[in-house]
Amino acid sequence: MNILVMHGPNLHLLGRRKPEIYGKLTLEQINEAIRAEALSLGFGIRIFQSNHEGGIIDILTDNASWANALIINPAAYTHYSYAIREAIEALGIPAVEVHLSDISKREPFRRVSVILPVCEKQIKGKGLGSYIEALHYFHTKASSKI
Ligand code: DQA
(Lines give C-alpha, C1' and ligand atoms only; values in the text may rest on other atoms or scores of the structure.)
Protein backbone atom coordinates (compact mmCIF):
# COMPACT_ATOMS: atom_id res chain seq x y z
CA MET A 1 0.00 0.00 0.00
CA ASN A 2 1.33 3.43 -0.96
CA ILE A 3 0.50 6.42 1.23
CA LEU A 4 0.67 10.00 0.06
CA VAL A 5 1.12 12.59 2.82
CA MET A 6 0.28 16.20 1.97
CA HIS A 7 1.01 19.14 4.25
CA GLY A 8 -0.64 22.47 3.45
CA PRO A 9 0.38 26.10 3.81
CA ASN A 10 2.63 27.42 6.57
CA LEU A 11 3.43 23.95 7.85
CA HIS A 12 6.99 24.46 6.57
CA LEU A 13 7.27 26.85 9.54
CA LEU A 14 6.64 24.18 12.16
CA GLY A 15 8.95 24.44 15.12
CA ARG A 16 8.93 28.25 14.88
CA ARG A 17 5.22 28.91 14.29
CA LYS A 18 3.13 29.05 17.47
CA PRO A 19 4.98 26.20 19.22
CA GLU A 20 2.51 26.45 22.11
CA ILE A 21 -0.19 25.28 19.66
CA TYR A 22 1.65 23.26 17.02
CA GLY A 23 4.55 21.90 19.08
CA LYS A 24 8.30 22.24 18.79
CA LEU A 25 8.98 19.62 16.12
CA THR A 26 10.06 20.91 12.71
CA LEU A 27 8.39 19.64 9.56
CA GLU A 28 11.57 17.71 8.79
CA GLN A 29 11.39 15.92 12.16
CA ILE A 30 7.70 15.19 11.67
CA ASN A 31 8.38 13.81 8.21
CA GLU A 32 11.21 11.61 9.46
CA ALA A 33 8.90 10.10 12.09
CA ILE A 34 6.08 9.60 9.57
CA ARG A 35 8.48 7.96 7.11
CA ALA A 36 9.93 5.63 9.77
CA GLU A 37 6.49 4.56 10.98
CA ALA A 38 5.18 4.07 7.44
CA LEU A 39 8.16 1.91 6.49
CA SER A 40 7.80 -0.17 9.66
CA LEU A 41 4.16 -0.80 8.73
CA GLY A 42 5.26 -1.89 5.25
CA PHE A 43 3.89 1.12 3.38
CA GLY A 44 5.37 3.00 0.47
CA ILE A 45 5.46 6.67 1.45
CA ARG A 46 5.71 10.02 -0.33
CA ILE A 47 5.53 13.29 1.60
CA PHE A 48 4.98 16.79 0.20
CA GLN A 49 4.33 20.30 1.50
CA SER A 50 2.95 23.23 -0.49
CA ASN A 51 1.91 26.76 0.38
CA HIS A 52 -0.29 27.00 -2.72
CA GLU A 53 -3.76 25.72 -3.40
CA GLY A 54 -2.96 24.88 -7.03
CA GLY A 55 0.34 23.32 -5.96
CA ILE A 56 -1.48 20.95 -3.63
CA ILE A 57 -3.93 20.01 -6.38
CA ASP A 58 -1.06 19.37 -8.82
CA ILE A 59 0.74 17.14 -6.30
CA LEU A 60 -2.44 15.13 -5.67
CA THR A 61 -2.95 14.72 -9.42
CA ASP A 62 0.69 13.86 -10.15
CA ASN A 63 0.63 11.07 -7.55
CA ALA A 64 -2.81 9.73 -8.39
CA SER A 65 -1.61 6.59 -10.13
CA TRP A 66 0.89 5.77 -7.35
CA ALA A 67 -1.08 6.46 -4.16
CA ASN A 68 -3.57 4.05 -2.56
CA ALA A 69 -4.43 6.34 0.34
CA LEU A 70 -4.06 9.99 1.29
CA ILE A 71 -3.22 11.64 4.62
CA ILE A 72 -3.73 15.38 4.31
CA ASN A 73 -3.29 18.31 6.65
CA PRO A 74 -4.84 21.03 4.50
CA ALA A 75 -3.93 23.64 7.16
CA ALA A 76 -5.92 26.89 6.64
CA TYR A 77 -7.36 25.50 3.36
CA THR A 78 -9.32 23.08 5.56
CA HIS A 79 -11.75 25.84 6.31
CA TYR A 80 -12.54 27.15 2.81
CA SER A 81 -10.95 25.31 -0.12
CA TYR A 82 -13.63 23.66 -2.21
CA ALA A 83 -10.96 23.28 -4.92
CA ILE A 84 -8.89 20.97 -2.67
CA ARG A 85 -12.02 19.14 -1.58
CA GLU A 86 -12.90 18.44 -5.22
CA ALA A 87 -9.32 17.36 -5.98
CA ILE A 88 -9.49 14.81 -3.15
CA GLU A 89 -12.85 13.62 -4.38
CA ALA A 90 -11.44 13.25 -7.91
CA LEU A 91 -8.49 11.21 -6.58
CA GLY A 92 -10.97 8.56 -5.55
CA ILE A 93 -8.78 6.97 -2.87
CA PRO A 94 -9.48 6.83 0.88
CA ALA A 95 -8.36 9.98 2.65
CA VAL A 96 -7.87 11.00 6.26
CA GLU A 97 -7.77 14.66 7.33
CA VAL A 98 -5.28 15.37 10.09
CA HIS A 99 -4.49 18.35 12.26
CA LEU A 100 -1.77 18.93 14.82
CA SER A 101 -4.05 21.09 16.98
CA ASP A 102 -7.61 20.47 18.08
CA ILE A 103 -9.45 22.71 15.62
CA SER A 104 -12.74 22.14 17.48
CA LYS A 105 -11.38 24.00 20.50
CA ARG A 106 -9.92 27.05 18.75
CA GLU A 107 -11.37 30.08 16.91
CA PRO A 108 -14.86 29.59 15.41
CA PHE A 109 -13.57 29.74 11.79
CA ARG A 110 -11.45 26.63 12.45
CA ARG A 111 -14.42 24.54 13.58
CA VAL A 112 -15.64 24.17 10.00
CA SER A 113 -13.93 21.73 7.65
CA VAL A 114 -15.05 21.77 4.03
CA ILE A 115 -12.61 18.89 3.43
CA LEU A 116 -14.05 16.38 5.92
CA PRO A 117 -17.04 15.32 3.76
CA VAL A 118 -14.61 13.74 1.24
CA CYS A 119 -12.50 12.04 3.94
CA GLU A 120 -13.13 8.85 5.92
CA LYS A 121 -12.22 10.55 9.16
CA GLN A 122 -10.58 13.51 10.86
CA ILE A 123 -7.84 13.08 13.46
CA LYS A 124 -6.94 16.20 15.41
CA GLY A 125 -5.19 17.56 18.45
CA LYS A 126 -2.46 14.93 18.76
CA GLY A 127 0.49 16.68 17.11
CA LEU A 128 2.70 14.20 15.26
CA GLY A 129 0.45 11.52 16.77
CA SER A 130 -2.38 12.61 14.46
CA TYR A 131 -0.32 11.52 11.43
CA ILE A 132 0.82 8.31 13.14
CA GLU A 133 -2.77 7.44 14.04
CA ALA A 134 -3.79 8.00 10.41
CA LEU A 135 -1.08 5.55 9.28
CA HIS A 136 -2.37 2.98 11.77
CA TYR A 137 -5.93 3.57 10.60
CA PHE A 138 -4.94 2.58 7.07
CA HIS A 139 -2.85 -0.33 8.36
CA THR A 140 -5.77 -1.71 10.37
CA LYS A 141 -8.09 -1.17 7.45
CA ALA A 142 -5.75 -2.97 5.04
CA SER A 143 -5.13 -5.85 7.50
CA SER A 144 -8.83 -6.38 8.13
CA LYS A 145 -9.36 -6.93 4.39
CA ILE A 146 -6.98 -9.91 4.25
C1 DQA B 1 -3.85 23.08 11.33
C2 DQA B 1 -5.06 23.86 11.86
C3 DQA B 1 -5.47 24.93 10.87
O4 DQA B 1 -6.60 25.65 11.35
C5 DQA B 1 -4.34 25.92 10.65
O6 DQA B 1 -4.68 26.87 9.67
C7 DQA B 1 -3.04 25.25 10.33
C8 DQA B 1 -2.69 24.00 11.00
C9 DQA B 1 -3.34 22.05 12.36
O10 DQA B 1 -2.59 21.16 11.96
O11 DQA B 1 -3.66 22.14 13.55
O12 DQA B 1 -2.22 25.79 9.59
O13 DQA B 1 -4.25 22.36 10.17
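As the structure lists them, so they are numbered: ligands from 1, and atoms in each ligand from 1. Side chains included, hydrogens not; waters and symmetry mates left out as well; all remaining heavy atoms used.
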Undergrad: Output the distance between atom CZ (Arg46) and atom CG (Asn2), rounded to the nearest 0.5 Å.
TA: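 Going from the CZ atom of Arg46 to the CG atom of Asn2 covers 7.0 Å.
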
Undergrad: Look up atom NZ in Lys126 and atom CG in Leu100, then write down how far apart they are to the nearest 0.5 Å.
TA: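 It is 13.0 Å, given to the nearest 0.5 Å.
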
Undergrad: Counting from 1, what ligand 1 atoms have a heavy atom of Tyr22 closer than 4.0 Å?
TA: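 Counting from 1, the qualifying ligand atoms are 5 (C), 7 (C), 8 (C), 9 (C), 11 (O).
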
Undergrad: Judged by non-hydrogen atoms, does Arg17 sit under 4.0 Å from ligand 1?
TA: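 It does, in that a heavy atom of Arg17 comes within the 4.0 Å cut-off of ligand 1.
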
Undergrad: Numbering the atoms of ligand 1 from 1, which are under 4.0 Å from a heavy atom of Arg110?
TA: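 With Arg110 as reference, the close atoms of ligand 1 come out as 3 (C), 4 (O), 5 (C), 6 (O).
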
Undergrad: Can you tell me which residue and heavy atom of the protein come closest to atom 1 (C) of ligand 1, and the distance to 0.1 Å?
TA: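 Looking only at protein heavy atoms, the one closest to atom 1 (C) of ligand 1 is His99 ND1, 3.7 Å.
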
Undergrad: Out of Pro74, Ser113, Pro117, Cys119, which one pairs with Arg85 under the side-chain contact (heavy atoms from CB on, under 4.5 Å) rule?
TA: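 Going through the options one by one, the only one that passes is Pro117.
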
Undergrad: For His79, state whether at least one heavy atom is located under 4.0 Å from any atom of ligand 1.
TA: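 Yes, His79 has heavy atoms under 4.0 Å from ligand 1.
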
Undergrad: Do side-chain atoms of Asn73 reach the backbone of His7 as a donor and acceptor pair under 3.5 angstrom?
TA: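 Checked: no pair found.
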
Undergrad: Is the closest side-chain donor-acceptor distance between Asn10 and Arg17 under 3.5 Å?
TA: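 No - no donor-acceptor pair under 3.5 Å links their side chains.
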
Undergrad: Would you please classify the geometry between the His99 ring and the His79 ring as parallel, tilted or perpendicular, with 30° and 60° separating the classes?
TA: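 Rings of His79 and His99: parallel, as their planes differ by under 30°.
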
Undergrad: Any nitrogen or oxygen of Thr78 lying under 3.5 Å from a nitrogen or oxygen in ligand 1? Just yes or no.
TA: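 In fact, backbone or side chain, Thr78 has no N or O that close.
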
Undergrad: Answer with yes or no whether the side chains of Glu97 and Thr78 bring together a donor and an acceptor at under 3.5 Å.
TA: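 Note: Thr78 and Glu97 side chains miss the donor-acceptor criterion.
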
Undergrad: Can you tell which of Ile84, Val98, Val5, Val96 makes a side-chain contact (heavy atoms from CB on, under 4.5 Å) with Ile72?
TA: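 The residue from Ile84, Val98, Val5, Val96 that satisfies side-chain contact (heavy atoms from CB on, under 4.5 Å) with Ile72 turns out to be Ile84.
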
Undergrad: If you measure from each heavy atom of Tyr77 to ligand 1, is any distance below 4.0 Å?
TA: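 No, that is not the case, since the closest heavy atom of the residue is not under 4.0 Å from the ligand.
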
Undergrad: Could you identify the single nearest non-hydrogen protein atom to atom 9 (C) of ligand 1 and state the distance to 0.1 Å?
TA: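 Sorting protein heavy atoms by distance from atom 9 (C) of ligand 1 puts Leu100 N, 3.4 Å first.
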
Undergrad: Does the residue Asn73 have a heavy-atom contact with ligand 1, meaning some pair of atoms that are separated by less than 4.0 Å?
TA: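 Asn73: in contact with ligand 1 (<4.0 Å).
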
Undergrad: Under 3.5 Å between some N or O of ligand 1 and some N or O of Leu11?
TA: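 In this structure, Leu11 places no N or O atom under 3.5 Å from an N or O of ligand 1.
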
Undergrad: Among all protein heavy atoms, pick the one closest to atom 11 (O) of ligand 1 and tell me residue, atom and distance.
TA: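 The protein heavy atom lying closest is Ser101 OG, 2.6 Å.
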
Undergrad: Should Ile103 be listed as contacting ligand 1, given a heavy-atom distance under 4.0 Å as the test?
TA: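 Heavy atoms of Ile103 do come under 4.0 Å of ligand 1.
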
